[in-house]
Structure formats: C-alpha cells, structure tokens
Amino acid sequence: MAKDTAARTAEARAAAIRRAVRAVKRGSFASYGEIARRAGLPGRARLVGQVLRNSGDLRLPWHRITGAGGRVAFAPGSTSAREQLRLLAAEGVKIRGHRAVVERTAASTRSLDALLWKL
DNA sequence: CTGATGACTGATA
DNA sequence: CTATCAGCCATCA
C-alpha cells in the first residue's frame, strides 16, 4: 500500500521538524522560523507550529520553541504559556516578561547561530 | 471550489 | 511599545 507522495512528503517534513526540535539543547531555545530553516523548510514557520500541536504530548521539548525573538507564542497568562516559561526557567533560560532571552557574555564574538544554539 | 484560521515572520508606520 | 500588511501553508467549514 504505497502512500501518496503528498502524504509521504508531509510525513518527511514532520519528521525533519521533530528532529530539529529534538536537536535544541537543554537550556537554550529556538524560534519556529529557525526550526523550519534547520529542517530544510525555510519560510514554513507555521508548519512547525502545526506539527508541534499535532505531535501533542510526544517527547518533544516543545517548551524550547518560541516565536521570533524568544516571544512565547501562547497567550500571556494562559496555562500553556505559564508552563512553557516555567520549564524554560527551570532549565536556566532567563525570562523577561513574556519572553525568553539569551544571556550573552561580554566577550561573545559568537555568531548569531552560536548564540541561538549555544554551541 | 472558496474563505477563514492559526503554537509564524519580517517589514513598515 | 502597538498595529497593519503581505507572505506562507496545512486544515477545516
């Protein structure tokens, strides 16, 4: 029973996205757009959100995925938003208001990529 | 088929 | 800081 090409590619994309999400190191975070790019799907940030929503409880570190600039995608004060911020804070990520921020050292000549991924 | 929606983003005002 | 807009794409009514 060969699956449709469309369905197969959709699965492949979801798999790539899940890989990218799992690749986010503990104590760091990445935006939907960054995940999409890393999954080989530039410009498909919304797809990342769909996949995460669909994946639901799967063992993905969903809390490490934020909107652009570290903004939490959930509504401020919502259960999910508070949970995400709590989990991030528990991993040592600095939280300011409704978003996660990267603590940068003075001597950082690191690239933006390195900052985002704490390599 | 069309149109609305959403765990998005970057530009512009 | 907020608001609007144009891209983007799977999913649903």
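The chains referred to below are lettered A, B, ... by the order of the sequence lines, with proteins before strands, and numbering in each begins at 1.
A donor-acceptor pair under 3.5 Å is formed between the side chain of Arg82(A) and the backbone N or O of Gly77(A). Under a 3.5 Å cut-off, the side chain of His63(A) and the backbone N or O of Arg86(A) do not form any donor-acceptor pair. Within the 3.5 Å criterion, the main-chain N or O of Ala16(A) finds no donor-acceptor partner in the side chain of Arg18(A).
dA7(B) and dG7(C) have their P atoms separated by 23 Å, given to the nearest Å.
The shortest distance between side-chain heavy atoms of Arg71(A) and Thr66(A) does not fall below 4.5 Å. Considering only heavy atoms from C-beta on, Glu91(A) comes within 4.5 Å of Arg64(A) through its side chain. Using a 4.5 Å cut-off on side-chain heavy atoms (C-beta onward), Thr79(A) and Phe74(A) make no contact.
Arg99(A) comes within contact range of the sugar-phosphate backbone alone, with a heavy-atom separation under 4.0 Å but no base atom that close.
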Map every base of DNA chain B to its dot-bracket character, where paired means a Watson-Crick or G-U wobble contact with both distances under 3.5 Å and | marks a partner outside the strand. .|||||.||||||
Hey, what are the protein-to-nucleotides 5-9 of chain B N/O distances that come in under 3.5 Å?
unit_1, atom_1, unit_2, atom_2, d
dG6(B), N7, Arg46(A), NH2, 3.0
dG6(B), N2, Gln50(A), NE2, 3.0
dA7(B), N3, Tyr32(A), OH, 2.7
dC8(B), N3, Arg46(A), NH1, 3.4
dC8(B), N4, Arg46(A), NH1, 2.8
dC8(B), N4, Arg46(A), NH2, 3.2
dT9(B), OP1, Gly33(A), N, 3.3
dT9(B), OP1, Ala68(A), N, 3.2
dT9(B), OP2, Ala68(A), N, 2.7

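Smallest separation of non-hydrogen atoms from Arg96(A) and Val101(A): CB-CG1, 4.2 Å. Between Val24(A) and Phe29(A), the shortest heavy-atom distance links the atoms CG1-CA, 4.0 Å.
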